Amino acid sequence: MTARRPAGGGAGQESGRPRIPLICPRCGHEQQVVPGGPERAVKVVHVGTGREACEPGDLARAPDDGT
């Protein structure tokens, strides 16, 4: 038996489950995925700044992972 999806319940739509935040492994701030297109790659950016790179001040406060 295969699972059935409700009509119009394709990828990218809410499924009733809580959203799990994407957290930057370097600075610990929330990130989001920016969809790509035919001429653009998919990017992961910080929510507050919209940039891929961490802010230098955030890296100074990041917890040391022991590496």
Side-chain angles (χ1 to χ4, degrees):
M1 180 174 184
T2 59
R4 298 185 73 161
R5 290 185 179 174
Q13 295 184 359
E14 291 296 322
S15 63
R17 288 183 275 164
R19 182 175 134 328
I20 299 173
L22 181 62
I23 304 296
C24 177
R26 290 175 292 231
C27 69
H29 287 217
E30 187 173 358
Q31 295 180 310
Q32 66 185 10
V33 176
V34 177
E39 302 294 322
R40 241 180 21 203
V42 173
K43 293 191 311 185
V44 177
V45 299
H46 287 81
V47 170
T49 63
R51 295 178 39 190
E52 291 182 84
C54 301
E55 293 293 316
D58 293 339
L59 291 175
R61 291 189 301 264
D64 185 11
D65 64 359
T67 57

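The residues of the chain are indexed from 1 along the displayed sequence. Computed from a prediction, not measured in an experiment: that's the story for all the values here.
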Subject >> Under the side-chain hydrogen bond (donor to acceptor under 3.5 Å, both in side chains) test, residues paired with R51 that sit two or more places apart >> reply: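 Scan of R51 (side-chain hydrogen bond (donor to acceptor under 3.5 Å, both in side chains), adjacent residues dropped) gives E55.
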Subject >> Minimal non-hydrogen separation, V44 against E52, with atom names >> reply: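 In terms of heavy atoms, the two residues are closest at O-CG, 3.5 Å.
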Original post:
What are the two closest non-hydrogen atoms of R40 and P35, and how far apart are they?
Top reply: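 Looks like NH2-O, 3.0 Å.
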**OP:** Go through H46 and C24 one step at a time and tell me if the side chain to side chain contact (heavy atoms under 4.5 Å, CB included) criterion holds.
**Re:** CA-CA 8 Å; H46 287 81; C24 177; 3.6 Å; yes
Original post:
Does Q32 reach the side chain of V45, with side-chain heavy atoms less than 4.5 Å apart?
Top reply: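 Yes - at least one pair of side-chain heavy atoms lies under 4.5 Å apart.
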Original post:
How long is the span from the CD1 atom in I23 to the CD atom in E30, to the nearest 0.5 Å?
Top reply: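 These two atoms lie 5.5 Å from each other.
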